[in-house]
Enquirer: 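Have a look at this one before I ask anything.
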Amino acid sequence: MAEPRTGLRVDGDVVPAGAPGATLLDVLRASGNFAAKGACRRGECGACTVLVGDRAVLACTTLAALVTDEVTTAAGLGDDAADLRAAFADHAAFQCGFCTPGQVVRAEAVLRERVERGRDEIVRAMSGNVCRCTGYRQIVDAVCAVAQSRQCFRKVSS
Ligand code: FES
Ligand code: FES
């Protein structure tokens, strides 16, 4: 019988796996990693978005016990997302900043798919991440700018 897992790989470290039934968000925050935010805590806002492997997941509705791949939070994206962080700053794509780590992680996951998307498709791909401050245009501008520089932006949306 397999031994219960004692650790999760997060941002290059191993953190305690937490109690049975703990969500990934609980485990992250108990380990002192506060990059993923807990806002709704019921899968509605995207503030807790992290990568599991290359896939964006909502940490608040993901059982930590089921996570086997490396977890990457906004804090662990490092140089991979330097262009996204710069674009968010250049386009004034945040105000309070509470949604921003989740937005950046979601955008990184979308762009890693290397699927050519137009603006409307980027809007749809980012639509699970709520922002109460910006009105979204600046966030979409920032993601489109990076999609363009990473050569996966289509000028005409389908
Ligand atoms: S805190 Fe996870 S979706 Fe809102
Ligand atoms: S910048 Fe405040 S919620 Fe998005």
Side-chain angles (χ1 to χ4, degrees), residues 5 7-13 15-78 80-113 117 119-150 153:
R5 228 152 20 92
L8 237 64
R9 287 174 295 129
V10 177
D11 292 346
D13 288 326
V15 307
T23 67
L24 180 55
L25 183 62
D26 292 335
V27 165
L28 291 173
R29 297 183 78 80
S31 74
N33 187 326
F34 300 111
K37 307 300 181 202
C40 70
R41 291 181 178 265
R42 54 184 189 193
E44 292 179 354
C45 73
C48 63
T49 307
V50 297
L51 296 180
V52 175
D54 276 338
R55 201 164 53 90
V57 305
L58 301 176
C60 72
T61 54
T62 299
L63 267 182
L66 298 180
V67 175
T68 52
D69 288 338
E70 170 93 25
V71 177
T72 307
T73 71
L77 284 174
D80 287 353
D83 53 356
L84 269 172
R85 288 192 293 274
F88 269 62
D90 290 348
H91 292 268
F94 55 87
Q95 290 176 29
C96 78
F98 198 78
C99 72
T100 309
Q103 302 277 6
V104 169
V105 170
R106 172 75 57 187
E108 180 64 25
V110 167
L111 294 171
R112 279 186 190 183
E113 289 172 7
R117 290 182 169 92
R119 186 179 179 93
D120 291 349
E121 293 150 303
I122 287 175
V123 168
R124 281 197 289 278
M126 294 293 298
S127 65
N129 286 62
V130 172
C131 176
R132 295 193 310 178
C133 304
T134 62
Y136 298 103
R137 185 180 53 77
Q138 300 93 320
I139 293 171
V140 174
D141 287 349
V143 179
C144 287
V146 176
Q148 203 150 8
S149 66
R150 294 194 194 181
F153 184 69

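Since the structure is predicted, the reported quantities are computational estimates derived from the model, not experimental observations. We count ligands from 1, going down the list as the structure has it; atoms in each ligand are counted the same way. We use all heavy atoms of the structure for the numbers below, so side chains are in, but hydrogens, waters and symmetry mates are not. Positions are given from 1 along the sequence.
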Enquirer: State the atoms of ligand 1, each with its element, that fall below the 4.0 Å cut-off from a heavy-atom position in Arg41.
Expert: 1 (S), 4 (Fe)
Enquirer: Arg132 heavy atoms, cut-off 4.0 Å: which ligand 2 atoms fall inside?
Expert: 3 (S)
Enquirer: Only heavy atoms of Cys40, strictly under 4.0 Å: list the atoms of ligand 1 that pass.
Expert: 1 (S), 3 (S), 4 (Fe)
Enquirer: Between the side chain of Asp83 and the main-chain N/O of Val146, is any donor-acceptor distance below 3.5 Å?
Expert: no
Enquirer: Identify, by atom number and element, the atoms of ligand 2 in contact range of Cys99, meaning under 4.0 Å from any of its heavy atoms.
Expert: 1 (S), 3 (S), 4 (Fe)
Enquirer: For atom 3 (S) of ligand 1, which of the options Gly38, Gly46, Gly128 provides the nearest non-hydrogen atom?
Expert: Gly46
Enquirer: Is Arg9 salt-bridged to Asp69, cutoff N-O under 4.0 Å?
Expert: no
Enquirer: With atom 2 (Fe) of ligand 2 at the center, what angle do SG from Cys96 and SG from Cys133 span, rounded to 10 degrees?
Expert: 100°
Enquirer: Verify the neighbour count for atom CZ of Arg150: are there more than 12 heavy atoms of other residues, nucleotides or ligands below 6.0 Å?
Expert: yes
Enquirer: Atom CZ in Arg85, atom CG in Asp80: separation rounded to 0.5 Å?
Expert: 9.0 Å
Enquirer: Just jot down the ligand 1 atoms closer than 4.0 angstrom to any heavy atom of Ala39, in number order.
Expert: 1 (S)
Enquirer: Any idea which atoms of ligand 2 are less than 4.0 Å away from a heavy-atom of Gln95?
Expert: 1 (S)
Enquirer: Confirm or rule out an N/O/S atom of Cys131, from backbone or side chain, lying less than 2.8 Å from atom 2 (Fe) of ligand 2.
Expert: no
Enquirer: Could you grab the distance from atom CG of Leu25 to atom CZ of Arg41, nearest 0.5 Å is fine?
Expert: 4.5 Å
Enquirer: With a cut-off of 2.8 Å, does Cys48 place any N/O/S atom under that distance from atom 4 (Fe) of ligand 1?
Expert: no
Enquirer: With heavy atoms of Gly43 as the reference, note each atom of ligand 1 found under 4.0 Å away.
Expert: 3 (S)
Enquirer: Between Phe88 and Val143, is there a side-chain heavy-atom distance shorter than 4.5 Å?
Expert: yes
Enquirer: So how far is it from Lys37 NZ to Cys60 SG, rounded to the nearest 0.5 Å?
Expert: 14.5 Å
Enquirer: Looking at Cys45, which atoms of ligand 1 are within less than 4.0 Å of one of its heavy atoms?
Expert: 1 (S), 3 (S), 4 (Fe)
Enquirer: Is there a donor-acceptor contact under 3.5 Å from the side chain of Glu70 to the main chain of Val52?
Expert: no
Enquirer: With atoms numbered from 1 as shown, which atoms in ligand 2 lie under 4.0 angstrom from a non-hydrogen atom of Gly97?
Expert: 1 (S), 2 (Fe)
Enquirer: Is it true that Asp120 and Arg124 have a side-chain N and a carboxylate O under 4.0 angstrom from each other?
Expert: no
Enquirer: N/O/S atom of Cys60 under 2.8 Å from atom 4 (Fe) of ligand 1, yes or no?
Expert: no
